[in-house]
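The structure under discussion appears below in the form of structure tokens.
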Amino acid sequence: MPRKPLAAVLVAVAALVLGAAASAETGLRPVAPVSPNVERSTDIYYLIAGLTGLVFLAVTIPLVLFIVRFRSRGRDRAVEGPQIRGNTRLELAWTAVPIVLLTIATGFVFYKLPGITDISANPGNRGDFEVRVEGRQYYWQYEYENGVIAIDKLRAPADAVVELAITAPKGDVQHSFWVPPVGGKFDALPGQINETSFRVSKLGIYRGQCAEFCGLQHAAMLASIEIVPRDEFERWLAQEGEAQRAGTSDLGEQEWRGVCAKCHGPKVVGEVGPALEGNPIVADAEAVEAVVRNGRGAMPPVGQGWTEHQMRALTRYLKENVAEADADGG
Ligand code: HEC
Ligand SMILES: [Cu+2]
């Protein structure tokens, strides 16, 4: 057995593990949970890490001791070692111990599972509140019960059970909604609805991303959840509803930044689409609507199924802010 390569591999693995532990904000730990469902899956993570850690030590420590203790010490290769056959107590132990460990792990998972899949099973919940989440190439579109639309950033009230109906429009591709401190990954599949929920008390912005490789600008498909106090949220939702109906909200800007600017413009990584800043076509609402609803060439139909309000918000914003901007402004 050549010793040097083995030592090199061990050192490299140790360096990788230590590097990972030191580099990320949370090291090798999962992100700090802010919703009870994630607390429960984090508990499972720690239990399984503990059990597998114990097994690792119980195997490797004796292994190293035996390697040292029973090494050949220059004994002739042809000499046979002692012939040992069977050890009932040991054999019973290494059958029973794994069964016990697996039973503990399985029991704990099934005990924690209901509160992971159904938030309302956790104590202290009040008020149900639903948002439709659509994964689309390459943005997240949220729709509240009163018709308010938001792109990429979901605003939600603190201390309420927020239910998410996660899907993707027919003809789009598969995405996966994932904001780690708030919930596990949930597939966003065309024509199918997956439901999950969260309840967060700690105000703040929690970040995540699409977790399913969904095409060219997949990496730009970021999601965030902003938790605001409940009364502030309700005020915002009502005001935003009125503003979107009246056409005075910032929806058009959200759409430009969250949908179009990920592909268009001189500052886009890889320049997927032609620069639109200063392009006269963006002042022509009908032409824009046709391209956005139906797609063109390599551009997917990003605006398929958009409401009139939503489309008008975009065309108005483009006309006022993008058509006139110079190519390096925007
Ligand atoms: C996935 C990347 C992508 C996204 C997102 C995207 N586009 Fe495009 N767009 C393209 C590509 C690529 C073309 C060139 C298509 C062709 O002609 O083959 C294009 C072409 C266009 C054109 C025609 C330009 C011209 O000079 O003829 C317009 C207008 C346009 N896009 C507007 C938009 C708007 C508005 C949005 C946001 C609602 C948007 N696009 C989102 C990739 C994208
Ligand atoms: Cu995606």
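Start at 1 with the first residue, then count along the sequence. Numbering of ligands and ligand atoms starts at 1, following listing order.
- Close contacts between ligand 1 and Leu318 involve ligand atoms 35 (C) [criterion: under 4.0 Å to a heavy atom].
- Not one N/O/S atom of Cys260, from backbone or side chain, sits under 2.8 Å from atom 8 (Fe) of ligand 1.
- Seen from the ring of Trp306, Arg293 does not count as a face-on cation partner, given the 6.0 Å and 45° thresholds.
- Side-chain contact check for Gln244 and Gln310: no donor-acceptor pair (N or O, by modelled atom type) lies under 3.5 Å.
- Residues Tyr142 and Ile151 come closest through the heavy atom pair CE1-C, 4.2 Å.
- Taking a cutoff of 4.0 Å between a charged side-chain nitrogen and a carboxylate oxygen, Glu130 and Arg132 do not qualify as a salt bridge.
- Considering backbone and side-chain N/O atoms, His264 comes within less than 3.5 Å of an N/O atom of ligand 1.
- Residue contact check: Val259 has heavy atoms under 4.0 Å from atoms 5 (C), 37 (C), 38 (C) of ligand 1.
- The part of Leu314 lying near ligand 1 is the side chain, judged by heavy-atom distances below 4.0 Å.
- No other N/O/S atom of His175 lies as close to the Cu ion (ligand 2) as ND1 does.
- Only one option out of Lys153, Arg207, Lys262, Gln209 pairs with Leu222 in a side-chain contact (heavy atoms from CB on, under 4.5 Å); it is Gln209.
- The protein heavy-atom contact nearest to atom 12 (C) of ligand 1 is Val272 O, 3.4 Å.
- Judged by the shortest distance from any of its heavy atoms, Pro274 lies inside the 4.0 Å radius around the atoms of ligand 1.
- Of all protein heavy atoms, the one closest to atom 22 (C) of ligand 1 is Val291 CG1, 3.9 Å.
- Here the protein heavy atom with the shortest distance to atom 39 (C) of ligand 1 is Met299 CE, 3.3 Å.
- In this structure a side-chain-to-backbone donor-acceptor pair under 3.5 Å is present from Arg136 to Val302.
- For ligand 1, the atoms closer than 4.0 angstrom to any heavy atom of Tyr138 are 1 (C).
- Taking the six-membered ring where tryptophan is involved, the planes of His175 and Trp140 are perpendicular, since the angle between them exceeds 60° and thus also 30°.
- The ligand atoms of ligand 1 that sit less than 4.0 angstrom from a heavy atom of Pro300 are 1 (C).
- For the ligand labelled ligand 1, residue Val292 lies inside the 4.0 Å heavy-atom shell.
- Every atom of ligand 1 with a heavy atom of Gly273 under 4.0 Å away is listed here by number and element: 10 (C), 11 (C), 12 (C).
- The shortest N or O to N or O distance between Asn279 and ligand 1 is below 3.5 Å.
- In terms of polar-atom proximity, defined here as any N/O pair under 3.5 Å, Arg296 does make such a contact with ligand 1.
- At a 4.0 Å heavy-atom cut-off, ligand 1 touches Leu276 through the side chain alone.
- Residue contact check: Gly297 has heavy atoms under 4.0 Å from atoms 18 (O) of ligand 1.
- Of all the atoms in ligand 1, the ones that sit under 4.0 Å from a non-hydrogen atom of Ala298 are 12 (C), 18 (O).
- At a threshold of 4.5 Å between non-hydrogen side-chain atoms, the residues Leu113 and Ile44 do not count as touching.
- Considering only heavy atoms from C-beta on, Pro30 comes within 4.5 Å of Tyr46 through its side chain.
- Within the 2.8 Å limit, Cys214 places at least one N, O or S atom next to the Cu ion (ligand 2).
- For atom 1 (C) of ligand 1, the nearest protein heavy atom (residue, atom name, distance) is Cys263 SG, 2.7 Å.
- The environment of Arg75 atom CZ is dense: over 12 non-hydrogen atoms of other residues, nucleotides or ligands sit within 6.0 angstrom.
- Inter-residue side-chain proximity for Glu289 and Met311 is flagged as met; some heavy-atom pair is nearer than 4.5 Å.
- Because the distance cut-off is set at 2.8 Å, Gln174 fails to qualify as a neighbour of the Cu ion (ligand 2), as none of its N, O or S atoms comes that close.
- A salt bridge is absent between Glu320 and Arg316; no separation between the charged side-chain nitrogens and carboxylate oxygens falls under 4.0 Å.
- Ligand 1 has no atom lying under 4.0 Å from any heavy atom of Val282.
- Using a 4.0 Å cut-off between charged side-chain N and carboxylate O, Asp43 and Lys112 make a salt bridge.
- Across all their heavy atoms, Leu314 and Cys260 have their closest contact at CD1-SG, 4.0 Å.
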